[in-house]
Asks: 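There's a structure below that I have some questions on.
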Amino acid sequence: MSRFRRTAAAAVLAVATAALTTAVGLSAPATAAPPTAAVALGDSFISGEGAGAYTPVVDANGVAQGFPGWTAPNSNAFFCHRSANASLHRANLPGIQDRFNLACSGGQPHDIAAASSARTNGRQVAAQLDQLRAVGRTHDIDLVLLGLGSNNSSFTFGSVAEKCANRFIADAWTGWWEFWAYLNGPVEQKPCSDADLATAAQLSAATTETTAAVRQILTTLREIDADGQHRVVFQDYTNPLPFDLDPTFHSEDSRDDTRDKFRALGAERYAAGCPIHRASLLPGHRFSQGLGTMVKSSRDTLAAEFPGADLVYLNVQRAFDGARLCESSASPAGTLATPIRLQDDPPSGTFVTNLSGYDKIAIQRIANTCVTYFQTCQESWHPNATGHQVLGQCLTGAAATTARDVSCTRTPTGTITIS
């Protein structure tokens, strides 16, 4: 029986019970229903990375951590970057009274059942299942938004993005001979291939790892949700970059990115938010599609294991069409993703928005700041506040539909369509 039919039946029963207790002179005990809740679990595409307005995050010791400063350890709980602009908070969810964002930027399947700090580069937050149980003690959980899998034991979104962007920057600013002369060895300058991002074996391992973690979530929900009625939305990922760059960004000073050293073009693409070889773009989209296949596979496997569960796959891979970084000549204005942005050393909160005039030594220093203080660059290539508003519309559709496979796409005019 659906939640709505059961609610109506319960109302009729309550009226009859009240009439009976009045007739016999008894007083009925007051049993207020707990407030309803929507919960977000997973990684940066769910937590709101890139959307700003980050709220304090309670760490593993129960202490709320506000912004600790740019030179603080990246393991600080605040850098989960839970945003007030995250899609969970932008979705129209009738009947939901409270919303809890438990996702954490950089979150991995490991972090579902174990403290994130127990692994390398983890953050000082409790296991997401422990946080979920805490919500379940006070609320009736009706909706769970889940984004998991882009970070795992085999690869992470951050490492993939860093690899491809660094290759482009190295290629743009430094000739091959300079690496041999000044840096004691070659550094990759070629575009990223499919194998550079994730092999078939790695995607398979990530699928197994992700499915196991989500299985734990579903088992826990079955234990803590008293009425047993909750929809779980498995959201996949959208690529912040287009299938090809706008022609404006193809060449500069008669040099394209197949040449050795192209600083003017490198600066132009960085300013626009897309320091990337054109040849890396299609492998990047195949990587995003692979993540989508992984998420859907996890949903399908678990739907068979939990036949009564309300599990919805939400495909958002085309939700940013027409508004990706460098898809138009005005980029990054009007886009739905954050451009790659770095800070100089020491980090001050001021982002370098234009690399024109920087030499290769300065470029190396700026790149190293991102490595040493990852929080200075971790927003890069994530949905921005407007992007999360779009993802909120996608979630609105996934929460309301009767379908179990849902696609959220953006038309050339900017209309969001759920199908």
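Everything numeric in this text was worked out from a predicted model, so none of it was measured.
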Asks: Can you confirm if the aromatic rings of Phe168 and Phe262 lie within a centre distance of less than 6.0 Å?
Replies: yes
Asks: Are Tyr373 and Phe79 close enough that their ring centres sit under 6.0 Å apart?
Replies: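 No: the rings miss the under 6.0 Å criterion.
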Asks: Would you indicate whether the side-chain heavy atoms of Val39 and Leu41 approach each other to under 4.5 Å?
Replies: yes
Asks: When you check the gap from the basic side-chain N to the acidic O, do Arg341 and Glu379 get nearer than 4.0 Å?
Replies: no
Asks: Not counting sequence neighbours, which residues clear salt bridge (Lys or Arg N to Asp or Glu O under 4.0 Å) with Arg410? List them please.
Replies: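 Salt bridge (Lys or Arg N to Asp or Glu O under 4.0 Å) check on Arg410 returns nothing, list empty.
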Asks: Can Arg278 and Leu245 be said to form a side chain to side chain contact (heavy atoms under 4.5 Å, CB included), step by step?
Replies: CA-CA 7 Å; Arg278 287 178 67 195; Leu245 307 180; 3.9 Å; yes
Asks: Can Arg231 and Asp142 be counted as an ion pair, charged N to O under 4.0 angstrom?
Replies: no
Asks: Could you check whether Asp59 pairs with Arg123 (Lys NZ or Arg NE/NH1/NH2 to Asp/Glu carboxylate O, under 4.0 Å)?
Replies: no
Asks: Check whether any side-chain heavy atom of Val352 sits under 4.5 Å from a side-chain heavy atom of Tyr270, and report yes or no.
Replies: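 Yes - at least one pair of side-chain heavy atoms lies under 4.5 Å apart.
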Asks: Do the non-hydrogen side-chain atoms of Leu102 and Val135 ever get within less than 4.5 Å of each other?
Replies: yes
Asks: Any salt bridge linking Asp225 with Arg222? Criterion: basic side-chain nitrogen under 4.0 Å from a carboxylate oxygen.
Replies: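 Looking at Arg222 together with Asp225, the answer is no, because their closest N to O distance does not fall below 4.0 Å.
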Asks: Assign the ring pair Phe45 / His382 to parallel, tilted or perpendicular, where the plane angle (0 to 90°) is split at 30° and 60°.
Replies: tilted
Asks: If the condition is ring pair (Phe, Tyr, Trp, His ring centres under 6.0 Å), which residues does Phe67 pass it with, not counting sequence neighbours?
Replies: Trp70, Phe78
Asks: Do Val232 and Asp310 have side-chain heavy atoms sitting under 4.5 Å apart?
Replies: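 In short, these two side chains do not touch, never coming nearer than 4.5 Å.
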Asks: Hey, are Lys296 and Asp236 close enough for a salt bridge, meaning a charged N less than 4.0 Å from a carboxylate O?
Replies: no
Asks: Which atoms form the tightest heavy-atom contact between Lys163 and Asp196, and what is the distance?
Replies: NZ-O, 2.7 Å
Asks: Any Lys/Arg nitrogen of Asp405 or Arg299 sitting under 4.0 Å from an Asp/Glu carboxylate oxygen of the other?
Replies: yes
Asks: Tell me, with the steps shown, if Asp257 and Leu265 meet side chain to side chain contact (heavy atoms under 4.5 Å, CB included).
Replies: CA-CA 8 Å; Asp257 62 17; Leu265 179 60; 4.2 Å; yes
Asks: Inspect the contact between Arg167 and Asp171 and indicate whether a charged nitrogen and a carboxylate oxygen are less than 4.0 angstrom apart.
Replies: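 Result for this pair is no, no salt bridge flagged.
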